[in-house]
Amino acid sequence: MKTVCFDIETASADELYTYGSGFCRLAGYALGDGPVVLTTDMDELCAVLRSADRVVAHNAIGFDLAALEHWHGLDVGLLVGQGRVRDTLLMARHIDPPLSGSIDARRYGLDAIAKRLDLVGKLTTGGESTLKGLADEFGGYDAIPTDDERYRAYLVQDVEVLREVSTYLGFDEYLRREHQVMWRLNHITRYGFKVDVGEVQRRLTAQAQRVAVLRESLGRLYGLPTTGKAPQRSKEGIAALERAFVDCGVEPPRTDGGSLATNKDALAALLDEHPDNVALIELVGVLRAISRERSVVQTIGDHTALDGRVHPSVAARQTSGRISVTKPGLTVLGKRDRANVLERSLLLPDAGDVLIAFDLSQVDARAIAAHCQDPAYISAFEPGKDYHTEMAVELFGDPGRRDDAKPVTHATTYGMGAKGLAASAGIGHFEAQSLLNTLDARFPELARFKKEVRTRAERKGLVWNAFGRPVRIRRGSEYTQAPAAIGQGTARDLMMEGVLRLPMWLLPCLRAIVHDEIVLSVPSDLADEAEEAVLRALQFNFRISSGATPVPILAEKSDRGRDWSDCYRSEKDRWPEVDRSHRELSMCDDADCTWHGGLAP
DNA sequence: ATGTATCGCGCC
DNA sequence: AAAGGGCGCGATACAT
């Protein structure tokens with residue numbers, strides 16, 4: 001068994017796919033227990049890795065191997081496919097999964113893992129990372145001389161820490177699969193997503209003008225400061241707004257924490273209470289308008305590289321195992337709100353391509369159905385049946401109340417109480433409680449499963465789904481988090497199952513993943529084949545064990561888009577501006593059109 | 001200068 | 001006893 005631990009010093013990490021061939025600067029590797037060898041010759045390193053039975057690195061799939069694959073032609077797909085790669089980041093997340101929230105963000109660096117294991121950590125100088133200090137001293141990670149002894153010593157230590165840490169981390173079938181998943185998803189980062197650069201600039205300019213007008217109004221009418229990017233959120237601005245509410249004759253709305261609430265629900269509630277207060281209507285109008293101004297266009301622009309594309313980071317860092325797509329965050333672009341849906345139109349297919357989005361149908365609920373094995377719940381997902389209609393029959397005895405049944409599904413997966421259901425469904429507390437009772441009565445195995453998974457979480461602090469993914473559950477939050485963790489975590493693994501089933505030729509076409517949706521840019525003349533291949537990959541029967549009743553996993557494809565919004569033109573046919581052809585018209589007769597009503601040049 | 005918390009926008 | 005889960009990102013305030 002020949003094991004190689006290695007690490008590479010590079011130019012700035014966020015330039016992985018854009019820097020150029022000198023990105024990899026200095027490599028360190030160790031064979032077995034042998035000494036750490038340093039080299040600037042990446043071909044030498046690649047040869048060593050090709051001949052190894054085990055290739056070990058921290059964030060190997062996302063970074064070191066990715067860099068060698070991109071700039072030096074290493075066949076990482078082969079290494080991963082043969083199960084020869086050990087990525088200690090993926091292994092550490094699996095053996096010690098993160099809690100939700102931001103607390104755990106720094107837990108998985110090599111240094112943090114070493115410290116938790118009571119091992120020697122990475123090299124530091126005067127309390128900060130030696131590497132960071134060198135980058136500051138020489139003016140950039142790509143300016144540190146490769147013969148600098150401190151640089152070399154830092155790298156040697158890194159490889160030695162890695163070697164120590166790796167002996168504590170186990171490997172299993174799930175991890176083997178996870179390595180392949182992440183290698184496949186990395187194509188999103190590598191190939192990037194084409195940006196409509198001119199349109200980004202145009203919208204930024206237009207937005208700056210809108211904001212300037214709104215800020216001028218806030219200053220003139222209510223005495224807010226006019227400096228800073230968001231004067232309405234500064235201390236002085238908040239004080240002025242509180243005075244403005246009082247001047248309108250109303251008590252300033254408050255958040256739970258007692259500070260001034262300016263979110264849209266609070267403002268809507270206030271207007272409901274005082275429908276005839278003209279001064280209040282004006283104040284709320286300006287506040288709403290300025291808080292609706294989002295910065296996603298700026299964020300996309302900031303992350304657009306010189307190749308005119310964004311190369312977002314893709315990682316399974318969320319507690320549920322869900323995939324984060326960040327820098328820029330593509331999971332948050334508009335879709336449900338008419339005012340924001342055109343944010344996606346800034347992202348384009350490659351020249352000669354079309355964009356196609358594929359989404360899994362009610363996949364969280366199907367995941368729960370497969371796990372609980374409730375016959376009535378599973379039968380709602382039989383081919384040819386409509387899940388929400390079946391739920392309407394079970395809950396109300398009336399297939400016509402499909403829309404009333406929809407919000408209840410969230411209650412099934414997320415442990416929603418009567419209060420929350422009443423609020424989200426717009427019904428009374430009593431009716432909500434009675435719905436929840438009906439749910440438990442009609443789907444007894446579902447109720448039993450939720451109870452069981454909560455108990456498991458209380459005992460172990462973790463739950464495991466049928467794929468073998470562990471999800472950590474916060475103490476005291478088992479009631480809501482545990483069932484949700486099975487739903488989300490399994491939905492994630494079902495989508496990844498589909499990604500693993502994609503033919504290799506489609507991997508460079510991957511552009512984005514948004515939990516239950518993947519987006520591909522495919523050559524127009526291959527669109528038929530691509531659609532067929534993706535749907536074949538994403539759809540299958542899911543069985544949690546050999547004797548269990550299977551649940552069908554189904555997917556739908558979008559329209560072929562000339563931009564990402566354009567993919568949804570049929571789905572959102574009430575919003576004509578979603579259709580790129582509509583945006584090419586010089587005018588339109590829909591008074592609410594967000595394009596002709598404001599965004600158009 | 002850098003990091004965390006809070007708030008607010010949005011998404012699945 | 002009651003309990004809707006998971007995120008990204010920007011702006012500000014404040015601590016270090």
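Note: hydrogens, waters and symmetry copies are ignored here, and every other heavy atom, side chains too, is used. Each chain gets a letter, A, B and so on, in the order the sequences are listed, and its residues count up from 1.
The existence of a salt bridge linking A/Arg338 and A/Glu577 is confirmed by a sub-4.0 Å separation between a basic side-chain nitrogen and an acidic carboxylate oxygen. Salt-bridge check for A/Arg448 with A/Glu452: passed, with a basic side-chain N closer than 4.0 Å to an acidic carboxylate O. Using a 4.0 Å cut-off between charged nitrogen and carboxylate oxygen, A/Arg492 and A/Glu178 count as a salt-bridge pair.
At the heavy-atom level, A/Gly228 lies under 4.0 Å from the strands shown only through sugar-phosphate atoms. Looking at heavy-atom distances under 4.0 Å, A/Pro328 makes contact with sugar-phosphate atoms alone, never a base. Within 4.0 Å (heavy atoms only), A/Leu260 reaches sugar-phosphate atoms of the nucleic acid but no base atom. Counting non-hydrogen atoms under 4.0 angstrom, A/Leu421 reaches nothing in the nucleic acid. Within 4.0 Å of A/Thr413, counting heavy atoms only, lies no atom of the nucleic acid at all. Across all strands shown, A/Ala261 has heavy atoms under 4.0 Å from sugar-phosphate atoms exclusively, and none from any base.
Using a 4.0 Å cut-off, no side-chain N or O of A/Arg344 falls inside it from OP1 or OP2 of B/dC11. OP1 and OP2 of C/dC7 both lie 4.0 Å or more from every side-chain N or O belonging to A/Ser324. For the OP1/OP2 pair of C/dG10 and a distance below 4.0 Å, the side-chain nitrogens and oxygens of A/Gln298 include no atom meeting the criterion. Distances shorter than 4.0 Å separate some side-chain N or O of A/Arg336 from OP1 or OP2 on B/dC11. Between B/dG10 and A/Lys264, a contact under 4.0 Å exists linking OP1 or OP2 to a side-chain N or O. Contact annotation: A/Lys235 side-chain N/O to C/dC14 OP1/OP2 distance is under 4.0 Å. Checking the phosphate oxygens (OP1, OP2) of C/dT12, no side-chain nitrogen or oxygen of A/Ser234 falls inside 4.0 Å. Under 4.0 angstrom from either OP1 or OP2 of C/dG6 there lies at least one side-chain N or O belonging to A/Ser100.
Of the candidate nucleotides C/dG5, B/dG8, C/dA11, B/dG8 has the atom nearest to the side chain of A/Thr262. Minimum atom distance to the side chain of A/Val332 is reached by B/dC11, of the listed B/dC11, C/dG5, C/dG4. For A/Asp337, whose side chain is taken as the heavy atoms from C-beta onward, the closest listed nucleotide among C/dG6, B/dC11, C/dG4 is B/dC11. When the nucleotides C/dG8, C/dT12, C/dG5 are ranked by their closest atom to the side chain of A/Arg233, C/dT12 comes out on top. With C/dT12, C/dC9, C/dG5 as the candidates, the nucleotide lying closest to the side chain of A/Ala230 is C/dT12. Closest approach to the A/Asn263 side chain among C/dG6, B/dC11, B/dC9 is made by B/dC9 (side chain taken as heavy atoms from C-beta onward). Considering only side-chain atoms of A/Thr480, the nucleotide from C/dC9, C/dA3, B/dC11 that sits closest is C/dA3.
The line from CD of A/Glu556 to CG of A/Leu538 is 11.5 Å long, rounded to the nearest 0.5 Å.
In this structure, the CG atom of A/Leu333 is 13 Å from the C1' atom of C/dC7, given to the nearest Å. The CZ atom of A/Arg454 sits 11 Å away from the P atom of C/dG4 (whole-angstrom rounding). A/Arg215 places its CZ atom 12 Å from the C1' atom of C/dA11, with the value rounded to the nearest Å. Atoms CD (A/Gln207) and C1' (C/dA11) sit 14 Å apart, rounded to a whole Å. For the pair A/Gln232 CD and C/dT12 P, the computed distance is 8 Å after rounding to whole Å. Per the geometry, CD belonging to A/Gln318 stands 11 Å off C1' belonging to B/dC11, to the nearest Å. Here C/dG10 presents its C1' atom at 13 Å from CD of A/Glu343, a figure rounded to the nearest Å. To the nearest angstrom, P of C/dC7 lies 9 Å from CZ of A/Arg317.
Residue-nucleotide stacking is not present for A/Tyr414 and C/dG4, judged by a side-chain ring centre under 5.5 Å from the six-membered base ring centre and planes under 30° apart.
One N or O on the side chain of A/Ser320 and one on the backbone of A/Arg322 form a donor-acceptor pair closer than 3.5 Å.
Judged by distance alone, the side chains of A/Ser345 and A/Arg203 do bring a donor and an acceptor atom under 3.5 Å apart.
Cation-pi geometry between A/Arg454 and A/Tyr479 is satisfied (NZ or CZ under 6.0 Å from the ring centre, within 45° of the ring normal).
Taking 3.5 Å as the limit, the base of C/dG5 and the side chain of A/Gln481 contain no donor-acceptor pair of atoms between them.
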